[in-house]
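See structure below.
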Amino acid sequence: MLDLIIRNITNRKVRSALTICGIALGIFAVIVMGAMSENFNQTFERSMSVTSDKIRVFAESGVFGGGLTDDKVSDVLRVAGVKDAYGLLMTTFDEDKLGMTGKQILGMPPEKSSVALYPVDLKAGRFLNPGDSYQVVVGNNIKREYELEIGSKFEIHDKYFTVIGILEYTGSIFDNAVIIPLETAQDLYNVGDSLSYIFAVPDERVDAEMLSKRIELSVKGTSTLSPGELEVQARQSFMIFSVITISSGLLAAIIGGLCVMNTMLMSVAERTREFGILKAMGAETRDILLLTLGEASCMGLFGGVLGIIVGVGAVFVMNTWLASTRIVLFLITPRLIVIAMLFALLIGALSGLYPAYRASKMSPMEALKHA
Amino acid sequence: MREEKKKNKEGKEREEGKEREEGANKNGAKKEKPEIILRVENLSRTYIRGKIPVHALRCACLTVRKGELLAIMGPSGSGKSTLLALIGTLETASGGKAFLDGTDLTTVPEKLLPRLRREKIGFIFQHYNLIPTLTALENVELAMRFSGVPKKERVQRAKALLEELRLEDRLHHKPTELSGGEQQRVSIARALANRPALILADEPTGEVDTKTRDSIVRVFRELSEKGQTIIVVTHDPAVAKECSRVLQIVDGMISDED
């Protein structure tokens, strides 16, 4: 039967090729959009794994509202159940680019740098130590972009810092992090003893959600984000992003599916007489269904394979091109390939269902009379 | 209507008389007649066009024996093709019965009709109705696919049939590369592919020249001599003349001229 299916497809070369291109275009969109979503998904998962055990304490007015200072760290530390707490100052590295590159300055107490960054490991050098001031630990993307080595000089806000540590690649926000001592960061950006937020590490066997509420009640002028809340919030944002990206890909694929349905309906109408002949020869309804559905599914399959090849190629080209700007925007995963392939097959088969049903239900005599 | 019934009654009596005669022959020393392969009893087909019933076939009765080459003649719209479609189970009868090889075609569930067509009936059409994208060999082979014949056997049998019909040098030609006569011979081979009990040919020489017509009729005669039962619907007296028996159909009513 497969040979008949392939022959029917190849006998209408132009029409089949256009239909396959329609599907391929849809699957291409699924791959590109999906790769973007997968990249964000991975960054999110990895970032979450780094910060998932900590409670974030903000000023009530928010990260950019000010009001959170060094003295709040000791207030947080005094709350029962808090094992450790330290403040962080976070600001964009390239202010002229409005932070669009995702590079961030993280000012943190030197003695806490290894704890704050756990489980991110060092690729080279060491973490910040007490007494460090114009020393910097950089993420992997920063190292690559500025071609930094241990001992290299690195300019931040018109000051030169010595690179003392390079982080392993993590696929998280820490790849674009520039980590300097907190006091140096506060001086550099002239913010006094202000902090962006405080990380509070809960004691073992202490419920982080409960502790989070307790901190809010105990330390005036603060609000908190527990690991659970952070995850929910981040997942919601990620979900919205995923829905937007994936649905635009799906829309394109559905248009591809309509292409298949149109082609199959035309093909069934043209071959009405042929179906009559097959029925007269004793073809079962399932044979006709299989023939028509198989054709649509095969076009879905070919379109899927083509769409995946072109999509993966385009993602590779775009990632290579974006590599010069150190932005990683797309990630192809086996899961994405499998989903795209199944989707192509499903679209093909679903689009072929109605034409196949029409073909199989034809009365042989009526079909034979068809001009 | 009364006249019609009378005619049918007479027809039936004539058939019964023949069978009685056959029975007598069987018991006696005379040459034994071949078995009856098809018996049609009061078969009718009425269409409703708008609200008006159109009687395409009225109480047709006929009997066909194994190896017979039967011609059904009649003017256009007389019901010849309808009769063939009913015997071929391509259409459903409004009344009456038709027994093919002992099976009542009018009571076979729709689900089982494809199998019955595959195993017992071969069709030959006026417009050949070959699948244009397949070669002659593949067209013949296709008929056996649905019967589940293994590929090797399919090809062997299709080749043998096409060779028998003198198309050995046309095996890999598509229908558009064949002449009308060649196409019709391919369709004859296709009809024979599943070794059916009965071949139904609807105006098989309608689109060919006289020379090709004669060659097709010759093929039918050869097949008939080998024991293949064939019913040919035709307009052409020259074709009918070559058949072993001719039946006339007029206004949906059939009468035996044998």
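Values below: all heavy atoms of this structure, side chains included; hydrogens, waters and symmetry mates excluded. To find a chain, count down the sequence lines: A is the first, B the second, and so on, and within it residues start at 1.
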Under a 3.5 Å threshold, yes or no: a donor from one side chain and an acceptor from the other, between B/Asp101 and B/Thr103?
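Short answer, no.
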
Any side-chain donor near an acceptor of the partner, B/His55 and B/Thr46, under 3.5 Å
yes

Do the side chain of [X] and the main chain of [Y] share a donor and acceptor less than 3.5 angstrom apart?
X	Y	value
B/Lys174	B/Ala136	no
B/Ser224	B/Phe220	no
B/Asn194	B/Pro196	no
B/Asn139	B/Ile131	yes
B/Arg39	B/Leu100	no

Residues of residues 183-192 of chain B near chain A, each having a heavy atom less than 4.5 Å away
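Under the 4.5 Å heavy-atom cut-off, B/Arg190 qualify.
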
Which members of residues 83-98 of chain B, sorted by number, sit under 4.5 angstrom from chain A on a heavy-atom basis?
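Residues B/Ala85, B/Leu90, B/Glu91 are the ones that qualify, each having a heavy atom under 4.5 Å from chain A.
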
Quick one: what part of [X] sits under 4.5 Å from any heavy atom of chain A, side chain, backbone, both or neither?
X	answer
B/Glu119	neither
B/Pro132	side chain
B/Leu113	neither

Between B/Ile121, B/Leu134, B/Leu116, which shows the greatest number of heavy-atom pairs under 4.5 Å with chain A?
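Result: the option with the highest number of such pairs is B/Leu134.
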
Nearest heavy atoms of B/Leu137 and B/Lys159, plus distance in Å:
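Where B/Leu137 meets B/Lys159 most closely, the heavy atoms are CD1-CG, 3.6 Å.
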
For residues 278-303 of chain A, give me every residue with a non-hydrogen atom less than 4.5 Å from any non-hydrogen atom of chain B.
A/Leu278, A/Lys279, A/Ala280, A/Met281, A/Gly282, A/Ala283, A/Glu284, A/Asp287

Closer than 4.0 angstrom, basic N to acidic O: yes or no for A/Arg7 and B/Glu138?
yes

Should the pair B/Glu164-B/Arg157 be classified as a salt bridge under the 4.0 Å nitrogen-to-oxygen rule?
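Here B/Glu164 does not pair with B/Arg157 in a salt bridge, since their nearest N and O are not under 4.0 Å apart.
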
Apply salt bridge (charged side-chain N to carboxylate O under 4.0 Å, His left out) to A/Asp175 and A/Arg144, showing your working.
CA-CA 10 Å; A/Asp175 293 333; A/Arg144 283 197 313 171; over 6 Å; no

Stepwise side-chain hydrogen bond (donor to acceptor under 3.5 Å, both in side chains) check, B/Asp236 with B/Thr234
CA-CA 5 Å; B/Asp236 191 345; B/Thr234 183; 5.4 Å; no

Taking salt bridge (charged side-chain N to carboxylate O under 4.0 Å, His left out) as the test, write out the residues that go with A/Glu38, two or more places apart.
A/Arg335

Got B/Ile48 and B/Ile52 here, is their nearest side-chain heavy-atom distance under 4.5 Å?
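Sidechains of B/Ile52 and B/Ile48: no contact.
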
Count the heavy atoms of every other residue, nucleotide or ligand shown that sit under 6.0 Å from CZ of A/Phe316, and state whether that count exceeds 12.
no

